[in-house]
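Notes for the one structure printed next.
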Amino acid sequence: ILNVEQSPQSLHVQEGDSTNFTCSFPSSNFYALHWYRWETAKSPEALFVMTLNGDEKKKGRISATLNTKEGYSYLYIKGSQPEDSATYLCANTGNQFYFGTGTSLTVIP
Amino acid sequence: KAGVTQTPRYLIKTRGQQVTLSCSPISGHRSVSWYQQTPGQGLQFLFEYFSETQRNKGNFPGRFSGRQFSNSRSEMNVSTLELGDSALYLCASSLVPGQTYEQYFGPGTRLTVT
């Protein structure tokens, strides 16, 4: 089983703050790591797919890094905005997607 | 390009009844996966279909079943509903199955069992 743990469970930051959260997975069972953003009343939206150790991806103010040897990925948001408020999910993939329970981010204006 | 659609969006059923949920993938996508989300739980994988064949199944009882049609549309069925089946059911499509392919999610069907 490709257990995925995410921390923290929830986060409140002020507008303009930068923040980051963690996705941990068994380093011995890594295939690909996906990040999704899930806004309230919307569908989960894919952010990044990461496959190689040392991978770094960036989309606007959001970026992610991957360390497959130690089994973690970080998601960074620079200069958080209220529209970044969402639950951020990560998933490890084998023969199926194994999702973590997510980090709920609230950006306070 | 139209996104993934799911019908119905909301459903209220009684214990013991059965229910069928429908998912239409993005045009050209041939893989459809289904997930259940309950409070406090992450997305739990139900099953994945590709080319009308179930490729993988999650750890759910046999009351949960599904199928895929030749146009890639998929349905899932839950028989003999239990209160614990109340959840948000999401389907997701991708071009083909694979660890590096992004999944595109539908809006979900909110099922309430009373």
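Within every chain, numbering begins at 1; the chains are lettered A, B, ... in the order of the sequence lines, protein sequences first and strands thereafter.
Taken together through direct or relayed side-chain contacts under 4.5 Å among Ile, Leu, Val, Met, Phe, Trp and Tyr, B:Y49 and B:L46 form part of one hydrophobic cluster. Linking ILVMFWY residues whenever their side-chain heavy atoms come closer than 4.5 Å, directly or via other members, leaves B:L111 and B:Y35 in distinct clusters. B:F50 and B:V32 sit in two unconnected hydrophobic clusters of ILVMFWY residues. Membership requires side-chain heavy atoms under 4.5 Å apart, directly or through other members.
Across A:A32 and B:T100, no two heavy atoms sit closer than the pair CB-CG2, 4.2 Å. The two atoms that bring B:K57 and A:Q96 nearest to each other are O-NE2, 4.4 Å, heavy atoms only. Between A:T101 and B:G42 the shortest heavy-atom distance is CG2-N, 3.5 Å.
The part of A:Y36 that comes within reach of chain B is its side chain, from C-beta onward, which places non-hydrogen atoms under 4.5 angstrom from that chain. For chain A, the nearby part of B:Q41 is the backbone; its heavy atoms alone come within less than 4.5 Å. For chain B, no part of A:L33 is nearby; none of its heavy atoms comes within less than 4.5 Å.
Enclosure of atom CD in A:E39 by more than 12 non-hydrogen atoms of other residues, nucleotides or ligands within 6.0 angstrom is indicated. Atom NZ of A:K59 has more than 12 neighbouring heavy atoms from other residues, nucleotides or ligands inside a 6.0 Å radius. Heavy-atom neighbours of A:K57 NZ from other residues, nucleotides or ligands within 6.0 Å: above the threshold of 12. Applying the 6.0 Å contact sphere to CZ of B:R15 captures no more than 12 heavy atoms from other residues, nucleotides or ligands. Atom CD of A:Q9 sits in a sparse spot, with 12 or fewer heavy atoms from other residues, nucleotides or ligands closer than 6.0 Å. Residue A:I108 qualifies as enclosed at atom CD1: its count of foreign heavy atoms under 6.0 Å is above 12.
Between A:F99 and B:F45, a ring centre-to-centre spacing not shorter than 6.0 Å is recorded.
Your options are A:A46, A:G102, A:A41, and the one with the most heavy-atom pairs under 4.5 Å with chain B is A:A46.
Under the 4.5 Å side-chain criterion, counting only non-hydrogen atoms from C-beta, A:W38 is in contact with B:L43.
Taking CD from B:Q37 and CG from A:L89, the interatomic distance works out to 8.0 Å, rounded to the nearest 0.5 Å. With rounding to the nearest 0.5 angstrom, the OH atom of A:Y98 is 10.5 Å from the CD atom of B:Q44. To the nearest 0.5 Å, the span separating CD on B:Q103 from CD on A:E45 amounts to 14.5 Å.
Of the possible polar contacts, one joining the A:S43 side chain to the B:G106 backbone as a donor-acceptor pair under 3.5 Å is found.
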